[in-house]
There are 2 protein chains.
Amino acid sequence: MDKKSKSLSKNQKIILDFIQKNKKPVKAYSILSNVQKKGINAPPQVYRALDRLIEIGKIHRVESQNSFVACKISNCDTPHETVFSICNSCEIVSEINDPKLFKHLKAFKDNDGTKFDGYNLEFFGTCKSCINKQIENIQY
Amino acid sequence: MDKKSKSLSKNQKIILDFIQKNKKPVKAYSILSNVQKKGINAPPQVYRALDRLIEIGKIHRVESQNSFVACKISNCDTPHETVFSICNSCEIVSEINDPKLFKHLKAFKDNDGTKFDGYNLEFFGTCKSCINKQIENIQY
DNA sequence: AAAAATTATGTTATAATATAACATTATATT
DNA sequence: AATATAATGTTATATTATAACATAATTTTT
Ligand SMILES: [Zn+2]
Ligand SMILES: [Zn+2]
Ligand SMILES: [Zn+2]
Ligand SMILES: [Zn+2]
């Protein structure tokens, strides 16, 4: 039985549920304040659940934001091979599912003989919606 | 005169100098304690200099480590297009200079019409030196 | 050169993020 | 049932980063 098929614990379920409800990534202390009514009282309880959920690929950490987002790729069995598109304006994050890009990244070799076991790629920019808002707001 | 050719301020020089002296990335508070003898007393002075040095491309932030490393690519005029190789064991970081990969990343388009202006890619693994150490340490 | 605007600095306090350490309880394995 | 493993609860603390405001240096404009 692999990690992914193991059932989640109570706290893990509560926290995964909260993260999945949110379109945007959520921060650890925001999670904490939102699940306190469910009996989760302190940061370590949140961080432990987050660590585990990351390990089994249910969520990912958005490094540039210190935030956490549910995995959007079904059967994402590669929790440490992630690609995101991040809007600098509204901070929305989309997980990129691009097999060709994955393949390219997976095949990468450096000149030092490093044995790679994962990668994280974050693209930054302005999302379509924010571009449109900016155009609307131009003052003449 | 562009940002890069502008001369650095006193604090910026002190902090860049310290970062460049280190092979490995350094943390903000480690920088602080190491430059206090030079008259830099408080975190904001460090973070301001770091922000500026990042902006002009002299250093990069290693997102997964909350650390800062000098740019190793001469004439790196793309401070927000970075690729690193990171050893999970010794935490050494190498900046990757791979024009073909850069081109590939630069050309990336998502399905949502996001206008990208940068990316950060971090490869994780075990460096050659750490692999060798691990082999040496196997007990029979 | 004087005035104004901009940039950098210094300082104190505090916010935000994350982990150490240890006691207890629940679950799985032998 | 005994043992081992994993998860939880709790308090305290470590680490990373910024807000806010006063002052000084530098650059630009007049
Ligand atoms: Zn995923
Ligand atoms: Zn947006
Ligand atoms: Zn660089
Ligand atoms: Zn190493």
Side-chain angles (χ1 to χ4, degrees), chain A residues 1-19 22 24-56 58-69 88 91 93 120 122, chain B residues 1-19 22 24-56 58-69 88 91 93 120 122:
Chain A
M1 193 190 250
D2 74 340
K3 281 177 189 171
K4 291 180 73 70
S5 51
K6 246 187 177 174
S7 70
L8 297 175
S9 76
K10 180 171 150 279
N11 287 1
Q12 288 158 12
K13 271 179 202 149
I14 291 169
I15 286 169
L16 175 58
D17 184 57
F18 177 73
I19 295 172
N22 284 272
K24 288 192 190 182
V26 285
K27 302 243 173 185
Y29 277 73
S30 161
I31 296 170
L32 177 56
S33 65
N34 279 281
V35 297
Q36 281 189 322
K37 56 197 163 208
K38 304 229 173 186
I40 293 176
N41 308 304
Q45 296 174 287
V46 174
Y47 281 102
R48 282 177 196 141
L50 291 174
D51 287 348
R52 177 91 176 111
L53 293 169
I54 289 168
E55 201 50 44
I56 63 178
K58 293 289 187 187
I59 66 170
H60 303 298
R61 192 186 145 84
V62 183
E63 295 291 354
S64 61
Q65 292 187 343
N66 299 332
S67 67
F68 304 88
V69 68
N88 291 321
E91 302 191 306
V93 171
N120 177 56
E122 301 183 2
Chain B
M1 193 192 250
D2 74 340
K3 281 176 189 172
K4 293 180 74 69
S5 53
K6 248 188 176 174
S7 70
L8 296 175
S9 76
K10 179 171 150 279
N11 288 1
Q12 288 157 11
K13 272 180 202 150
I14 291 168
I15 286 169
L16 175 58
D17 185 57
F18 177 72
I19 296 172
N22 283 272
K24 287 192 188 182
V26 285
K27 303 242 172 186
Y29 278 72
S30 160
I31 295 170
L32 177 57
S33 65
N34 279 281
V35 298
Q36 281 189 322
K37 56 199 163 208
K38 303 230 173 185
I40 293 176
N41 309 303
Q45 295 174 289
V46 174
Y47 282 101
R48 281 176 195 142
L50 291 173
D51 287 348
R52 178 91 176 110
L53 292 169
I54 289 168
E55 200 50 45
I56 63 177
K58 293 289 188 187
I59 67 170
H60 303 298
R61 192 185 144 84
V62 183
E63 295 291 353
S64 61
Q65 293 187 342
N66 299 333
S67 66
F68 304 88
V69 69
N88 290 322
E91 302 191 306
V93 170
N120 177 247
E122 301 183 1

Participant: Checking contacts here: which listed nucleotide (D/dA17, C/dA8, C/dA18) is nearest the side-chain heavy atoms of B/Ala28?
Facilitator: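 Of D/dA17, C/dA8, C/dA18, D/dA17 is nearest to the side chain of B/Ala28.
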Participant: Identify the two heavy atoms, one from A/Ala49 and one from A/Asn11, that lie closest to each other, and give their separation to 0.1 Å.
Facilitator: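 In this case the closest contact between A/Ala49 and A/Asn11 is CB-O, 4.3 Å.
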Participant: Over how many whole Å does the gap from A/Leu53 atom CG to D/dT8 atom P extend?
Facilitator: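 Computing the A/Leu53:CG to D/dT8:P distance gives 10 Å.
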Participant: Between B/Arg48 and B/Asn66, who's closer to the 5' end of DNA chain C by nearest nucleotide?
Facilitator: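 Checking each residue's closest nucleotide, the 5'-ward one belongs to B/Arg48.
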Participant: Just compare D/dA7, C/dG10, C/dA18 and give me whichever is closest to any side-chain atom of B/Gln45.
Facilitator: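 So the side chain of B/Gln45 is nearest to C/dG10.
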Participant: Please report the distance, rounded to the nearest Å, between CD in A/Glu55 and C1' in D/dA7.
Facilitator: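 Result: 16 Å.
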Participant: Among D/dG9, C/dG10, D/dA17, which nucleotide sits nearest the side chain of B/Tyr47?
Facilitator: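 For the B/Tyr47 side chain, the nearest candidate turns out to be D/dA17.
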Participant: Could you tell me how far apart A/Leu8 (CG) and D/dT8 (C1') are, to the nearest whole angstrom?
Facilitator: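 Rounded to the whole Å, the gap is 15 Å.
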Participant: Round to a whole Å and report the spacing from CG of A/Asn41 to P of D/dA12.
Facilitator: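 Roughly 14 Å, once rounded to whole Å.
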Participant: Taking atom C1' of C/dT19 as reference, at what distance in whole Å does atom CZ of A/Arg61 sit?
Facilitator: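 Those two atoms, CZ and C1', are 13 Å apart.
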Participant: From CG of B/Asn11 over to C1' of D/dA24, roughly how many Å is that when rounded to an integer?
Facilitator: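 Those two atoms, CG and C1', are 13 Å apart.
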Participant: Provide the Watson-Crick or G-U wobble partner of C/dT30, both distances under 3.5 Å; none if there is no partner.
Facilitator: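 Pairing partner, where one exists within any strand: D/dA1.
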Participant: DNA chain D: B/Pro44 or B/Gln65, which has the more 5' nearest nucleotide?
Facilitator: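 Comparing both residues, the 5'-ward one is B/Gln65.
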Participant: Consider the side chain of B/Ser9, meaning its heavy atoms from C-beta on, and name the nucleotide among C/dT19, C/dT9, D/dT10 that approaches it most closely.
Facilitator: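 Among the listed nucleotides, the one closest to the side chain of B/Ser9 is C/dT9.
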Participant: Between A/Asn120 and A/Glu122, which heavy-atom pair has the shortest distance, and what is it?
Facilitator: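 Shortest heavy-atom contact: ND2-OE2, 3.0 Å.
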Participant: With a 4.5 Å heavy-atom cut-off, do A/Leu8 and A/Leu53 have their side chains touching?
Facilitator: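 A/Leu8 reaches A/Leu53 side chain to side chain.
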Participant: In whole angstrom, what separates B/Leu32's CG from C/dG10's C1'?
Facilitator: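 Rounded to the whole Å, the gap is 13 Å.
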Participant: Are the side chains of A/Ile19 and A/Leu50 in touch, meaning some heavy atoms are under 4.5 Å apart?
Facilitator: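 With C-beta onward as the side chain, the pair touches.
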Participant: Tell me the closest heavy-atom pair linking B/Gln12 and B/Arg52, and the distance in Å.
Facilitator: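 Where B/Gln12 meets B/Arg52 most closely, the heavy atoms are NE2-CG, 3.4 Å.
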Participant: If you only use heavy atoms from C-beta on, which nucleotide in C/dA18, D/dT16, D/dG9 is closest to the side chain of B/Lys27?
Facilitator: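 In terms of side-chain proximity for B/Lys27, the closest of C/dA18, D/dT16, D/dG9 is D/dT16.
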Participant: Would you kindly compare B/Lys10 and B/Pro43 by the position of their nearest DNA chain C nucleotide and give the one closer to the 5′ end?
Facilitator: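 Upstream on the strand: B/Lys10.
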Participant: Looking only at the side chain of B/Ala42 (C-beta and beyond, no hydrogens), which of the listed nucleotides C/dT9, C/dT11, C/dT17 gets closest?
Facilitator: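 Between C/dT9, C/dT11, C/dT17, the one nearest the side chain of B/Ala42 would be C/dT11.
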Participant: Figure out the CD/P separation between B/Glu63 and C/dT17, and round it to whole Å.
Facilitator: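 Rounded to the whole Å, the gap is 14 Å.
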